[in-house]
Amino acid sequence: MPAKVDMDKIVSLCKRRGLVFPSSEIYGGLASCWDYGPMGVELKRNVRDAWWKAIVHERDDVVGLDTSIMMHPGVWAASGHIDSFTDPLVECKSCHLRWRADAIEGKGCPKCGGELTEPRMFNLMFKTSMGPVEEEASTIYLRPETAQGIFVNFDNVITTSRKKLPLGIAQIGKSFRNEITTGNFIFRTREFEHMELEYFVKPGTDEKWLDYWVKERFDWYVKLGIRKENLRLRQHGKDELAHYARDCYDIDYLFPMGWSELEGIANRGDFDLIQHAKHSGKELGYYDAEADEKYVPYVIEPSAGVDRSVLAFLIDAYDEEEIEGEKRTLLHLHRDLAPIKVAVLPLSRNEKLTPLAKEVFNKLCPNFVTDYDDSQSIGRRYRRQDEIGTPFCVTIDFESLEDKQVTIRERDSLAQIRVPIEELDKILEAKLKGEAFDASPLWATREK
Ligand code: GAP
């Protein structure tokens with residue numbers, strides 16, 4: 001099934017509704033860099049929180065970590081990134097544009113057809129220098145993955161957490177890659193956010209755990225609303241495995257430009273711990289006291305991009321429909337991901353309605369991310385909330401002043417129920433946990 005929305009519509013919605021802006025826009029922008037606006041920052045935070053909840057908080061075999069972006073340069077020699085984290089680069093002899101040799105078809109420059117140089121290997125790590133005097137400063141790198149911060153802390157975590165294997169260590173944070181070809185909005189950028197889990201297991205049980213994590217991660221996207229038919233699993237061929245991987249599966253999503261990687265789940269074996277032990281001179285193993293045996297654990301690594309997940313959630317949620325001759329654009333975002341959970345909308349900006357509407361807003365905002373909007377017509381305000389995926393709008397009308405009741409409108413069905421203000425937060429809490437909206441069919445009507 002083809003994805004039903006093209007990227008331009010997503011980019012334009014993101015700009016229009018304050019989700020994502022081009023970085024440094026007033027200076028003409030900076031290639032492949034993006035800023036998250038007021039709605040985008042909430043959406044991104046919700047994606048991170050949903051991952052952290054599923055991976056760390058809801059399990060007793062995973063702990064969290066937050067390591068620094070700049071690390072000792074020896075880390076990248078040991079991990080193989082200095083030697084092997086490279087892409088083949090070719091340059092057009094006429095227009096001087098640079099391309100990834102393995103990502104272009106044919107022999108000429110994709111832009112002008114000009115002759116291309118022979119490929120040379122280009123390291124994707126960003127270099128910078130540490131120290132006040134440039135000549136004496138040491139060269140360091142911005143991390144291209146958060147995983148290495150976890151490997152070099154393996155012993156610290158094992159000795160302080162008093163946990164047994166299998167044990168996972170999770171981290172969310174920025175990574176940097178000087179990608180040759182960027183593009184497709186926030187799909188591939190040079191600065192992005194990783195959500196990585198390194199799950200340490202006894203050798204011999206690694207294949208079982210790889211299967212386990214592939215299923216867990218696939219199900220996570222489905223639980224948060226991505227349609228199964230837009231996801232697929234793809235095992236890497238032997239020739240495409242990263243230098244550290246024994247086996248790897250990609251969870252691919254059907255993006256507008258075609259099937260592309262959303263997340264990778266790799267079996268890294270004992271590659272990283274062995275390499276760091278060799279380069280640092282510190283022993284990095286595990287002693288199983290019950291079995292009285294010592295071994296170097298294998299690692300299963302589910303590694304996802306926050307930004308790429310945000311993009312997939314946006315694309316899958318995007319919808320257009322016609323209501324009584326008018327086009328409605330909406331995001332069917334899962335309630336856990338929606339930037340705003342509840343919008344409080346007085347029927348009009350009227351001096352009699354405003355105090356009650358503010359009272360309702362003040363009652364809700366400590367418990368839910370709530371928006372207050374009293375500008376423009378109620379229809380336009382509903383459309384605005386639909387476009388950012390707000391699951392519930394609460395409308396205060398003149399009857400509310402008399403009966404102390406308000407109307408809740410549900411985004412997807414457009415059904416409405418009228419409820420007492422006193423019970424509003426309890427009812428919204430239940431609905432935001434997934435209770436069916438038509439629980440009170442007597443009250444339910446469809447928006448006119
Ligand atoms: N530690 C393993 C690792 O980094 P990867 O397949 O290179 O594996 C994992 O990256 C995920 O990180 C990808 O599936 C993607 O979601 C995200 N990612 C990688 N490079 C990215 C980039 N340049 N821009 C945005 N997201 C990226």
Side-chain angles (χ1 to χ4, degrees), residues 7 20 23 31-34 36 44 47-48 51 55 65 67 69 71 75-76 78-81 84-87 100 103 122-126 141-152 168-199 210 213-214 217-218 220-221 226 231-236 240-253 255 257 259-269 271-273 275 299-315:
M7 199 69 94
V20 183
S23 167
S32 95
C33 293
W34 301 91
Y36 287 80
K44 200 177 180 198
V47 169
R48 275 194 226 110
W51 187 88
I55 299 288
L65 202 64
T67 69
I69 286 172
M71 300 179 74
V75 168
W76 308 112
S79 68
H81 281 83
S84 309
F85 196 54
T86 52
D87 274 342
R100 240 177 79 174
F122 172 76
N123 195 293
L124 300 186
M125 283 197 294
F126 277 100
Y141 301 89
L142 301 186
R143 68 179 177 201
E145 60 173 17
T146 66
Q148 298 305 324
I150 296 178
F151 296 128
V152 301
I169 307 178
Q171 165 152 242
I172 299 179
K174 291 262 183 170
S175 290
F176 302 83
R177 295 181 183 181
N178 201 359
E179 302 276 4
I180 298 169
T181 319
T182 55
N184 288 314
F185 194 30
I186 50 174
F187 177 83
R188 179 171 285 112
T189 50
R190 296 195 171 101
E191 171 183 343
F192 63 97
E193 225 170 320
H194 252 139
M195 306 185 277
E196 300 201 290
L197 167 67
E198 308 303 321
Y199 196 75
L210 179 63
W213 278 109
V214 167
R217 296 301 305 140
F218 192 97
W220 183 79
Y221 291 104
I226 295 213
L231 291 169
R232 73 171 189 197
L233 275 180
R234 195 181 68 81
Q235 187 174 19
H236 281 207
E240 60 173 323
L241 285 174
H243 62 274
Y244 50 74
R246 302 167 75 91
D247 197 0
C248 186
Y249 286 85
D250 282 349
I251 298 176
D252 287 349
Y253 177 71
F255 287 95
M257 64 281 189
W259 287 105
S260 311
E261 177 188 338
L262 179 58
E263 164 161 356
I265 301 124
N267 180 350
R268 292 180 81 125
F271 177 85
D272 302 274
L273 290 182
Q275 283 295 104
V299 177
I300 306 302
E301 178 197 62
S303 172
V306 181
D307 315 77
R308 207 174 278 186
S309 302
V310 164
L311 183 60
F313 285 123
L314 281 172
I315 291 168

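Read the numbers this way: they start at 1 and go in the same order the structure lists the ligands and their atoms.
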Apply the test side-chain contact (heavy atoms from CB on, under 4.5 Å) to residues R308 and F255: give CA-CA distance (whole Å), side-chain angles for both, the deciding distance (0.1 Å), then the verdict.
-> CA-CA 10 Å; R308 207 174 278 186; F255 287 95; 4.0 Å; yes
Taking any residue with a non-hydrogen atom under 4.0 angstrom from an atom of ligand 1, which ones do you get?
-> E145, R177, E179, F187, R188, T189, F192, H194, E196, Y244, E261, L262, E263, G264, R268, E301, S303, A304, G305, R308
Are E198 and D272 close enough, and set up right, to give a side-chain contact (heavy atoms from CB on, under 4.5 Å), and what steps lead you there?
-> CA-CA 11 Å; E198 308 303 321; D272 302 274; 5.9 Å; no
Enumerate, atom names and distances included, each donor-acceptor pair closer than 3.5 Å involving a side-chain atom of residues 177-184, sequence neighbours excluded.
{"residue": "R177", "atom": "NE", "partner": "P144", "partner atom": "O", "Å": "2.9"}
{"residue": "R177", "atom": "NH2", "partner": "P144", "partner atom": "O", "Å": "3.0"}
{"residue": "N178", "atom": "OD1", "partner": "R190", "partner atom": "NE", "Å": "3.4"}

Kindly write out the residues that satisfy ring-ring contact (aromatic ring centres under 6.0 Å, His included) with F85, not counting sequence neighbours, or none if the list is empty.
-> H81
Qualifying residues under side-chain hydrogen bond (donor to acceptor under 3.5 Å, both in side chains), relative to N123, sequence neighbours excluded = none
Within 45° of the axis and under 6.0 Å from the centre of the six-membered ring of W220, does NZ or CZ of R217 qualify?
-> yes
